[in-house]
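Below is one structure, written out as structure tokens, with a few remarks after it.
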Amino acid sequence: MDTNKKNRELISALSDGEIPDVDRELALAALDTPEGRQAWALFHQIGDVLRADPATDLSPGFAERMAARLEAEPLPGKRAAVVADAAGQATVAADPT
């Protein structure tokens with residue numbers, strides 16, 4: 001397994017309070033690197049967003065537009081071009097290849 005990936009998994013488990021005792025020392029050592037500190041900060045930002053109250057000031061129809069854009073996303077492994085229409089709205093175009 002990729003060392004950076006393993007370190008991020010250890011840091012994630014530590015930030016969630018779910019680290020096995022046997023891995024605690026490895027997680028703390030991973031935090032003693034710039035990448036580890038960056039991962040720690042990122043995991044806490046993600047947690048803050050997940051715990052935050054939902055925004056109430058979304059524009060009308062936001063959920064429907066978001067659902068339509070997600071539905072238009074290509075399957076993993078496929079690339080699609082994002083193009084802007086005359087009004088500047090981004091749309092997903094079919095992969096030209």
Nearest heavy-atom neighbours spanning D32 and R37: C-NH1, 3.4 Å

From CZ (R8) to CG (L42), nearest 0.5 Å: 10.0 Å

Donor-acceptor contact present, side-chain R65 to main-chain P60, <3.5 Å: yes

For A30 against I11, the heavy-atom pair lying closest together: CB-CD1, 3.9 Å

Identified side-chain hydrogen bond (donor to acceptor under 3.5 Å, both in side chains) partner of D48 from the options Q45, H44, R51: R51

Heavy-atom closest pair, residues N4 and D2: N-OD1, 2.9 Å

Check: T33 side chain, G36 main-chain N or O, donor-acceptor pair, under 3.5 Å: yes

Separation between CG of N7 and CD of E9, rounded to the nearest 0.5 Å: 9.5 Å

Test item: S12 and E18 side chains (from C-beta on) under 4.5 Å apart, heavy atoms: no

OG-CG distance between S15 and L10, expressed to the nearest 0.5 angstrom: 11.0 Å

Close side-chain approach of D23 to L14, heavy-atom, < 4.5 Å: no

